[in-house]
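Here's the structure we're looking at; comments come further down.
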Amino acid sequence: MAADLPAPNFDLAATLNSGQAFHWEDLGEEGFAGCIGEQPVGLRQNGERIVVRPAGAREIARRYLRLDEDHGAVLAGFPKGDAVLAEAVAYCPGLRILRQPLWECLATFLTSSMKQVAHIRQISLRCRGELGRSRRLGSLALGAFPPPAAVASAGEKRLREFGLGYRAGFVHRAAVRLAGGEVRLEEGEALDDAELLEFLLSFDGVGEKIANCVRLFAYGRLSAFPVDVWIERVLRERYFGGAEIGRKDLLEFVGRHFGDYGGYAQQYLFHHARTSRGNSRSRP
DNA sequence: GTCCAGGAGAGGC
DNA sequence: GCCTCTCATGGA
């Protein structure tokens, strides 16, 4: 059984493949399959609706895909007269930010430093397959992301076997800290943006970029603006004409220019830079 | 074989 | 404070 959700101006494939989450399986015309937390879900775009199976996962999918948000307000909140951003939005207007479960977002982005998207995906799928609960969607087996306790008890050495390299210690220590009950990621929901940043930076291996990814993709803080190598290049080339500009000045510009929905602006710029013709090539 | 990836931390200055 | 080096691995 399936249910569906209204999804005007929404692009499911672009959203699930835009480097926010890494575990969705592309089933072609059948859509996509993956777990949202412990829940196995099938998602398929049918015009301006998203078909969800099983039907009981409808509200989980609505939350995950942020189909409850006023996306018009997001677009209206972008800086006026920014032709670079307008071009990126026009390239893929249906791109959205996800609202991911906190731990799997943090753990996945802890593995992301100096890794290509394809490899982050490989690591995510291995963690799920080896340590997570196996869930079923029809005849399809899907791995849920392992909870902190499962990652903690697996040990750092085991994580290294999944290709995490030096990041294994980061993921393991975060898992131990959370599994021990020292802190809970849910505590971050009540913090303001600056406090949440500080909270996330308290995890070893989390710097400003990863903290902003988690603030944006899990906590729904839409002003958070992760600056990675792609975005830094876009800013230098498109906003500063390739001129020499320090990283500090770049970050100051970001905070001043993009506003309350900077995270969304960032995702449009990132997606455009990575995938559009003339920009993608094999590398930036 | 070479280059680089949705970075962070430590050390030197 | 900023600059540089190192960390581990695999895709392009």
Side-chain angles (χ1 to χ4, degrees), chain A residues 14-24 88 92 95-98 100 104-127 129-130 155-174 177 197-219 221-238 244-252 254 258 262-284:
Chain A
T15 298
L16 296 182
N17 287 323
S18 63
Q20 302 181 60
F22 303 87
H23 64 291
W24 288 93
C92 187
L95 179 66
R96 301 299 182 85
I97 299 291
L98 297 171
Q100 300 180 53
E104 64 181 68
C105 185
L106 172 62
T108 303
F109 276 96
L110 271 172
T111 73
S112 73
S113 78
M114 298 303 288
K115 283 289 183 191
Q116 296 179 29
V117 169
H119 196 205
I120 300 169
R121 172 181 171 81
Q122 190 177 21
I123 292 170
S124 174
L125 292 175
R126 283 203 72 179
C127 287
E130 303 274 345
E156 180 177 337
K157 186 180 173 192
R158 184 89 192 281
L159 294 176
R160 279 186 179 261
E161 295 170 5
F162 303 160
L164 272 75
Y166 62 88
R167 307 157 193 82
F170 297 153
V171 176
H172 187 247
R173 286 194 285 281
R177 189 177 170 197
L197 177 62
E198 288 305 310
F199 174 58
L200 292 170
L201 290 175
S202 73
F203 287 88
D204 191 20
V206 175
E208 196 165 335
K209 190 271 174 182
I210 291 177
N212 279 329
C213 285
V214 179
R215 286 204 299 170
L216 179 59
F217 302 140
Y219 289 92
R221 306 300 172 98
L222 298 183
S223 66
F225 194 108
V227 177
D228 70 340
V229 292
W230 288 91
I231 287 295
E232 192 163 338
R233 191 173 300 110
V234 170
L235 293 174
R236 284 185 205 285
E237 292 181 358
R238 304 292 308 272
E244 289 286 330
I245 177 170
R247 185 177 167 79
K248 182 188 168 191
D249 291 331
L250 220 49
L251 294 177
E252 196 271 334
V254 163
F258 290 103
Y264 251 109
Q266 176 276 157
Q267 193 61 15
Y268 280 114
L269 293 170
F270 176 79
H271 184 65
H272 180 242
R274 279 191 69 242
T275 63
S276 69
R277 280 174 56 82
N279 282 329
S280 64
R281 294 185 287 274
S282 58
R283 281 195 292 275

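Heavy-atom basis, side chains included; hydrogens, waters and symmetry copies ignored.
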Taking [atom1] from [X] and [atom2] from [N], how many angstroms apart are they, rounded to a whole number?
| X | N | atom1 | atom2 | result |
| --- | --- | --- | --- | --- |
| A/Leu251 | C/dC2 | CG | P | 10 Å |
| A/Arg247 | C/dG1 | CZ | C1' | 15 Å |
| A/Leu200 | B/dG7 | CG | C1' | 15 Å |
| A/Glu232 | B/dC4 | CD | P | 15 Å |
| A/Arg233 | B/dC3 | CZ | P | 16 Å |
| A/Asp228 | B/dA5 | CG | C1' | 10 Å |
| A/Met114 | B/dA8 | CE | P | 11 Å |
| A/Ile210 | C/dC7 | CD1 | C1' | 13 Å |

inquiry  = Restricting to side chain to side chain contact (heavy atoms under 4.5 Å, CB included), what partner residues turn up for A/Glu130, sequence neighbours left out?
reply    =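 Scan of A/Glu130 (side chain to side chain contact (heavy atoms under 4.5 Å, CB included), adjacent residues dropped) gives A/Arg126, A/Arg158, A/Phe162.
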query = Should A/Arg173 be listed as having a side-chain N or O under 4.0 Å from OP1 or OP2 of B/dG9?
reply =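 It does not, given that no N or O in the side chain of A/Arg173 lies less than 4.0 Å from OP1 or OP2 of B/dG9.
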query = Counting just side-chain N and O atoms, does A/Gln122 come under 4.0 Å of either OP1 or OP2 of C/dG10?
reply =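 Checking A/Gln122 against C/dG10: no side-chain N or O falls below 4.0 Å of OP1 or OP2.
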Look at all strands and tell whether [X] reaches a base, only sugar-phosphate, or nothing, counting heavy atoms closer than 4.0 Å.
| X | result |
| --- | --- |
| A/Thr111 | nothing |
| A/Val227 | nothing |
| A/Gly205 | sugar-phosphate |

request  = Check whether the ring centres of A/Phe203 and A/Phe170 lie less than 6.0 Å apart, and answer yes or no.
outcome  =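 No.
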is_close_aromatic(A/Tyr264, A/Phe225), centroid dist under 6.0 Å =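 Between A/Phe225 and A/Tyr264, which both carry aromatic rings, the centre distance is not below 6.0 Å.
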message = Taking the minimum atom-to-atom distance to the side chain of A/Val229, which one of B/dA5, B/dG9, C/dA8 wins?
response =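 Selected nucleotide (nearest to the side chain): B/dA5.
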ask   = Which one, C/dT9, B/dG7, B/dC4, comes nearest to the side chain of A/His119?
value =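 The answer is C/dT9.
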inquiry  = At a heavy-atom distance below 4.0 Å, what parts of residues 161-171 of chain A sit against DNA chain C?
reply    =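 Within this stretch, A/Gly163, A/Gly165, A/Tyr166, A/Arg167 sit under 4.0 Å of the strand.
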task = Map A/Arg160 and A/Lys248 onto DNA chain C by nearest heavy atom, then report which one ends up closer to the 5' terminus.
result =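 It is A/Lys248, whose closest nucleotide lies nearer the 5' terminus.
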inquiry  = Closer than 4.0 angstrom, basic N to acidic O: yes or no for A/Lys248 and A/Glu252?
reply    =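 Salt bridge absent between A/Lys248 and A/Glu252.
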query = So, are A/Asp228 and A/Lys209 salt-bridged, with charged N and O less than 4.0 Å apart?
reply =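 Result for this pair is no, no salt bridge flagged.
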ask   = Which comes earlier along DNA chain B counting from the 5' end, the contact point of A/Lys115 or that of A/Leu201, where each point is its nearest nucleotide?
value =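 This one resolves to A/Lys115.
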Salt bridge (charged side-chain N to carboxylate O under 4.0 Å, His left out) contacts in which one or both residues fall within residues 262-273 of chain A, not counting sequence neighbours =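 Of all non-adjacent pairs touching residues 262-273 of chain A, none passes salt bridge (charged side-chain N to carboxylate O under 4.0 Å, His left out).
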request  = Without swapping roles, check the side chain of A/Gln20 against the backbone of A/Leu98 for a donor-acceptor pair under 3.5 Å.
outcome  =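 Such a contact is found between A/Gln20 side chain and A/Leu98 backbone.
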query = Roughly how far apart, to the nearest Å, are C/dA8 and B/dG11 at atom P?
reply =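 Taking atom P in both C/dA8 and B/dG11, they lie 16 Å apart.
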key: Check against side-chain contact (heavy atoms from CB on, under 4.5 Å), A/Leu269 and A/Phe258   = CA-CA 12 Å; A/Leu269 293 170; A/Phe258 290 103; 4.0 Å; yes
